[in-house]
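First comes the structure, then the notes that go with it.
All ligand and atom numbering here is 1-based and tracks the order in the structure. Here, residue 1 is the first one in the sequence, and each next residue gets the next number.
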Amino acid sequence: MRLLRLLAKGLAFQNTELLSDQHNLYSENNSTTMRYLFYPPVPQNVKPGQIRCGEHSDYGSLTILFQDDAGGLQVISRNGDWIDAKPIPGAVIINIGELLQRWTTDQLVATKHRVVIPEEELKKKTTRRSLAYFVHPDDDVIIKCLDGSKKYDPVSAYDYLASKFSQTY
Ligand SMILES: O=C(O)CCC(=O)C(=O)O
Ligand SMILES: [Fe+2]
């Protein structure tokens, strides 16, 4: 909630509660979830180009991501290069989600990221664990461009998530 308030401040919204007010994280009408991810050791005969977690951006408002020291997470830069998001002890990663990008008409960008397989043989044998807290707006919030533009069609947070899940799974 503090992060959402700070983002609203950073974007110079008059109402700094504008985003946080739409996130009743513990209500039944909110799809915020925590996911624990476990990546087993990579098999020896892994094919070139195989990946631990394919390129995507997260769907909601923000993701707070805790990763262990295995490494492999990469984020895409504005010019399309993949940059290692090296684990830093005690640090968390904050990803902007697609709904927040739509809401802010691209002022905040949902950065694409992926998890690649380590190159060193020894590291391939290690597992990787991460913990992701996917923060979502309340299900019934209609996400429409806050600047009044029509760049993105209004969509409810729930419908957006449901359409993403049906495409993914
Ligand atoms: O495991 C990770 O570090 C990233 C996972 C991820 O990006 C996701 O589940 O959306
Ligand atoms: Fe992700």
Item to check | Check: Asn95 side chain, Thr111 main-chain N or O, donor-acceptor pair, under 3.5 Å | outcome: no
Next on the checklist: Could you tell me, atom by atom, which parts of ligand 1 come under 4.0 Å of a heavy atom of Ser130?
Outcome noted: 1 (O), 2 (C), 3 (O)
Next on the checklist: Applying a heavy-atom cut-off of 4.0 Å, say which part of Asp58 lies close to ligand 1: side chain, backbone, both or neither.
Outcome noted: side chain
Item to check | ligand 1 contact by Arg128, heavy-atom criterion under 4.0 angstrom | outcome: yes
Checklist entry - Within the side chain of Asp68, is there an N or O that forms a donor-acceptor pair under 3.5 Å with the backbone of Arg129? => result yes
Next on the checklist: If we set the cut-off at 4.0 Å for heavy atoms, which region of Ala132 has an atom near ligand 1: side chain, backbone, both, or neither?
Outcome noted: neither
Next on the checklist: In this structure, would Leu73 and Val116 fall into the same cluster of hydrophobic residues linked by side-chain contacts under 4.5 Å?
Outcome noted: no
Checklist entry - Which atoms of ligand 1 sit under 4.0 Å from any heavy atom of Leu37? => result 1 (O), 5 (C), 9 (O)
Checklist entry - Minimum heavy-atom separation for Lys47 to Gln50, with atom names? => result O-CG, 3.0 Å
Checklist entry - Does Glu119 pair with Lys124 as a salt bridge, N-O distance under 4.0 Å? => result no
Checklist entry - Any donor and acceptor pair, going by atom type alone, linking the side chain of Gln67 with main-chain N or O of Ala85 inside 3.5 Å? => result yes
Checklist entry - Counting from 1, what ligand 1 atoms have a heavy atom of His113 closer than 4.0 Å? => result 7 (O)
Checklist entry - Checking Gln74 side chain against Arg114 main chain: does a donor-acceptor pair fall under 3.5 Å? => result no
Checklist entry - At distances under 2.8 Å, what protein N, O or S atoms surround the Fe ion (ligand 2)? => result His56 NE2, Asp58 OD1, His113 NE2
Checklist outcome for this item: The remaining residues in the hydrophobic cluster of Ile83, counting side-chain heavy-atom contacts under 4.5 Å among Ile, Leu, Val, Met, Phe, Trp and Tyr, are Val75
Checklist entry - Which bit of Asn95 is near ligand 1, meaning a heavy atom under 4.0 Å away: side chain, backbone, both or neither? => result neither
Checklist outcome for this item: ligand 1 to Phe134, heavy atom cutoff 4.0 Å, flagged ligand atoms 8 (C), 9 (O), 10 (O)
Next on the checklist: Grouping I, L, V, M, F, W and Y whenever their side-chain heavy atoms are under 4.5 Å apart, do Leu11 and Leu6 come out in a common cluster?
Outcome noted: no
Checklist entry - Under the 4.5 Å side-chain heavy-atom rule for ILVMFWY, direct or indirect, which residues accompany Trp82? => result Ile76
Checklist outcome for this item: The atoms of ligand 1 lying under 4.0 Å from a heavy atom of Tyr39, numbered in the order shown, are 1 (O), 2 (C), 4 (C), 5 (C)
Item to check | Top protein contact for atom 10 (O) of ligand 1, by heavy-atom distance | outcome: His56 NE2, 2.9 Å
Item to check | Listed partners of His113 passing ring-ring contact (aromatic ring centres under 6.0 Å, His included), at least two apart | outcome: His56
Checklist entry - Looking at ligand 1, does Arg52 have a heavy atom less than 4.0 Å from it? => result no
